2 protein chains.
Amino acid sequence: MNDTDPGAVPWLSADEQRSWRAFVRLHMKLTARMAADLQAHSGLSSSDFEVLVALTDVPEGRVRFQDLAKGIDWEQSRLSHQIRRMAKRDLVAREECEEDGRGAYVAISAHGRAVIEAAAPKHVATVRRLVLDALTPEEFAELGRLSAKVTDQIERTRP
Amino acid sequence: MNDTDPGAVPWLSADEQRSWRAFVRLHMKLTARMAADLQAHSGLSSSDFEVLVALTDVPEGRVRFQDLAKGIDWEQSRLSHQIRRMAKRDLVAREECEEDGRGAYVAISAHGRAVIEAAAPKHVATVRRLVLDALTPEEFAELGRLSAKVTDQIERTRP
DNA sequence: ACCTTCTAGTTGACGCGTCATCTAACTAGC
DNA sequence: GCTAGTTAGATGACGCGTCAACTAGAAGGT
């Protein structure tokens, strides 16, 4: 925990540390605010939102569990729990799968569709207000570019 | 959910959407990987780590609950739960506060100190490997600058 | 047909974070 | 001193996410 500790793995320089902390701080603040906003305006958690968006992205409004999990990069068990809770609130419904007796579809409900269609524009507005409006278009593009670059590195560096 | 929907709040352009999704994806991947890494190498959660870092940042190694909560920007109740769990694992200890009968200190234990001192260099190495190494110094500085800019905007825009 | 093996999804336990609520102790005004 | 209001922190309930079993159906070889 000491920068001058000899023989230690090099700590971050003051500049690096400042950048890193700014970055971490942004993560914290942004996720917290987006979640609060979504909850306040639409009664949805970020997870609810993510699932509903994925379901409205396919025309039929229903997807196999497995495919949905892959699509949003979730563990399958997490999805199972989430869908159970969402079904209880009538945002989605489980449906049997005729082709494969083990499988199941998760389908968006009419209510779920209404909720997500009301929530989405507010969500976009929040993204605009909190992020897009803070940056020039060039800066925002750069942020995206740098993000992609780091993500690539993360995926290249296998655990 | 439709870009061409007239009268709707403007959705993001294709470019904007690509940048935004890259950014969100980075958040997801990075937090997941960092947490997994920390857990694997040191048996600590990100929360554990954050608390221990805050505690080693003060020379006495003990801080009042309230101050600690403010320092790491946590809800007081969250901290209370977290400290209870950490105390059970002998990473920290509660200590009474003589000056204020309501108050309490949370103090890092010898074991906690050993754990964090082993964990910190590995954590820094991971940050370097996953993020710093993906970018030029200029790019990393730019990432920090943009992060700070957006964070400012978020804090300016009060909920 | 039978038996392994794989795959789809579920479930229960447990750690985590939030919210609302509670207790105890400090502070101010009288 | 007493009382009202505030502050420090704890606690219980509940939703969430992970991990490790577990169930049931599909596939493929014999």
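Everything quoted here is computed from the prediction, not taken from an experiment. All chains are named by letter (A, B, ...) in the order of the sequence lines, taking the proteins before the strands, and each is independently numbered beginning at 1.
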Salt-bridge test for [X] and [Y]: reply yes if a basic N is under 4.0 Å from a carboxylate O, no otherwise.
X	Y	answer
Lys70(B)	Asp67(B)	no
Lys149(A)	Asp152(A)	no
Asp37(B)	Lys122(B)	no
Arg21(B)	Glu16(B)	no
Asp133(A)	Arg156(B)	no

Length of the [atom1]-[atom2] vector between [X] and [N], whole Å:
X	N	atom1	atom2	result
Lys88(A)	dT11(C)	NZ	P	11 Å
Phe65(B)	dT11(D)	CZ	C1'	13 Å
Arg85(B)	dG9(D)	CZ	P	17 Å
Tyr105(A)	dT10(C)	OH	P	14 Å
Glu95(B)	dA10(D)	CD	C1'	18 Å
Glu99(A)	dT7(C)	CD	P	19 Å
Ile83(A)	dT11(C)	CD1	P	13 Å

Q. Quick one: is dG9(D) close enough that its OP1 or OP2 comes under 4.0 Å of any side-chain N or O from Arg64(B)?
A.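 For Arg64(B), the contact criterion (side-chain N or O under 4.0 Å from OP1 or OP2 of dG9(D)) is met.
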Q. Taking OP1 and OP2 of dT11(D), is either one under 4.0 Å from a side-chain nitrogen or oxygen of Arg84(B)?
A.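 For dT11(D), neither OP1 nor OP2 has a side-chain N or O of Arg84(B) closer than 4.0 Å.
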Partners of [X] by ring pair (Phe, Tyr, Trp, His ring centres under 6.0 Å), sequence neighbours excluded?
X	answer
Trp20(A)	Phe23(A)
His111(B)	none
His123(B)	Phe49(B)

Q) Dot-bracket for DNA chain C, 5' to 3', counting Watson-Crick or G-U wobble pairs under 3.5 Å, with [ ] for crossing pairs and | for inter-strand pairs? A) ||||||||||||||||||||||||||||||
Q) By a strict heavy-atom criterion of less than 4.0 Å, which residues belonging to residues 67-82 of chain B are in contact with DNA chain C? A)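 Those residues are Glu75(B), Ser77(B), Arg78(B), His81(B), Gln82(B).
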**Q.** Check: Asp15(B) main-chain N/O paired with Ser19(B) side-chain donor or acceptor under 3.5 Å
**A.**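 Present.
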N/O-N/O pairs, protein side and nucleotides 5-7 of chain D side, under 3.5 Å:
unit_1: dT7(D); atom_1: O2; unit_2: Arg102(B); atom_2: NH1; d: 2.9

Q: Dump the intermediate steps for side-chain contact (heavy atoms from CB on, under 4.5 Å) on Ile116(A) and Leu55(A), then the final yes or no.
A: CA-CA 10 Å; Ile116(A) 188 63; Leu55(A) 287 176; over 6 Å; no
Q: Decide whether Arg84(A) and His81(A) meet the rule of one side-chain donor and one side-chain acceptor closer than 3.5 Å.
A: yes
Q | Residue met sooner reading DNA chain D from 5', once Glu98(A) and Ser47(A) are mapped to nucleotides | A |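 Upstream on the strand: Ser47(A).
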